[in-house]
Amino acid sequence: CWDWDLGRGALQTLGYSYLYVEEMAVREGKINGYPIMFDCGTESVSAAELEHIANWVSEGGTFVALPFTARNLYDKPESWPIKRLLGCEIKALRAPGKGTVTFGADQKVFRALAGKTFPDQGHSMDWLNHERDQLGVAFAPAPDQEVLATFENGDAAIVRRKLGKG
């Protein structure tokens with residue numbers, strides 16, 4: 001599923017180049033040497049692919065997941081295998097349009113957004129003009145995770161986990 005495809009113009013507009021990788025390329029180590037992998041909404045994965053990504057992160061890579069990244073194993077729908085890589089539980093699914101998202105004042109990842117609050121009314125349209133922000137995810141972070149942003153009820157909206165060197 002390529003509904004969150006940043007390669008359709010957003011990265012070029014910002015002056016960045018990119019490379020698409022699929023499961024076989026991850027397995028073959030073709031991501032080695034790249035500092036960041038931004039998932040484009042891959043909802044179904046194999047356990048082996050997640051293991052390869054976890055190893056890459058442990059060696060220094062940064063993996064950015066979206067709300068439904070690795071929601072399913074191919075043979076186990078709704079199993080949320082991403083939990084192993086994220087190190088936290090999925091607390092709740094929530095519809096956008098109600099409430100707010102507040103970025104932590106002390107977090108250093110999104111410095112320009114530190115301490116700012118936004119309505120949880122975002123829209124994400126794909127290249128065919130279909131709405132793709134139909135559900136969000138609230139996390140139950142582990143103690144070793146940094147919460148970068150919260151929803152109005154205090155649930156974690158964006159979390160960061162250090163894994164090895166990554």
Residues which pass side-chain hydrogen bond (donor to acceptor under 3.5 Å, both in side chains) with [X], listed by chain and number, not counting sequence neighbours:
{"X": "Thr150", "result": "none"}
{"X": "Asp155", "result": "Lys91, Asn153"}
{"X": "Lys98", "result": "none"}
{"X": "Arg94", "result": "Asp120, Glu152"}

How long is the straight-line distance from [atom2] of [Y] back to [atom1] of [X], given to the nearest 0.5 Å?
{"X": "Thr42", "Y": "Ile53", "atom1": "OG1", "atom2": "CD1", "result": "8.0 Å"}
{"X": "Glu22", "Y": "Glu28", "atom1": "CD", "atom2": "CD", "result": "11.0 Å"}
{"X": "Lys108", "Y": "Arg160", "atom1": "NZ", "atom2": "CZ", "result": "11.5 Å"}

Restricting to pairs with a member in residues 76-99, which pass ring-ring contact (aromatic ring centres under 6.0 Å, His included), not counting sequence neighbours?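 Counting only pairs at least two positions apart or across chains, the ring-ring contact (aromatic ring centres under 6.0 Å, His included) contacts touching residues 76-99 are Phe68-Trp80.
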Please, which pairs that meet salt bridge (charged side-chain N to carboxylate O under 4.0 Å, His left out) have at least one residue in residues 60-75, sequence neighbours excluded? Arg71-Glu78
Considering non-hydrogen atoms only, spot the tightest contact between Cys88 and Ala142 and give its length. CB-N, 4.0 Å
Got Arg84 and Leu50 here, is their nearest side-chain heavy-atom distance under 4.5 Å?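 Arg84 vs Leu50: side chains apart.
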Do the non-hydrogen side-chain atoms of Lys83 and Ile90 ever get within less than 4.5 Å of each other? yes
So, using side-chain contact (heavy atoms from CB on, under 4.5 Å) as the criterion, who are the partners of [X] when residues are at least two apart?
{"X": "Ala25", "result": "Val21, Lys30"}
{"X": "Lys76", "result": "Leu73, Ser79"}
{"X": "Ala114", "result": "Gln107"}

Apply salt bridge (charged side-chain N to carboxylate O under 4.0 Å, His left out) to Arg161 and list each qualifying residue two or more places apart in sequence or on a separate chain. none
Taking distance alone, no hydrogens or angles, what donor-acceptor pairs closer than 3.5 Å link side-chain atoms of residues 57-67 to residues at least two apart or in another chain?
from  : atom 1 : to    : atom 2 : distance (Å)
Ser58 : OG     : Ala54 : O      : 3.0

Chi angles and distances behind the side chain to side chain contact (heavy atoms under 4.5 Å, CB included) call for Leu86, Thr69: CA-CA 11 Å; Leu86 293 177; Thr69 295; over 6 Å; no
Does Glu49 come within less than 4.0 Å of Arg27, counting only side-chain N to carboxylate O? no
Under 4.5 Å between side-chain heavy atoms, chaining through other members, with only Ile, Leu, Val, Met, Phe, Trp and Tyr counted: pull out the rest of the cluster around Phe103, sorted by chain and number.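 Val101, Val109, Phe110, Leu113, Phe118, Leu148, Phe151, Ile158, which link up through side-chain heavy atoms under 4.5 Å apart, make up the rest of the cluster.
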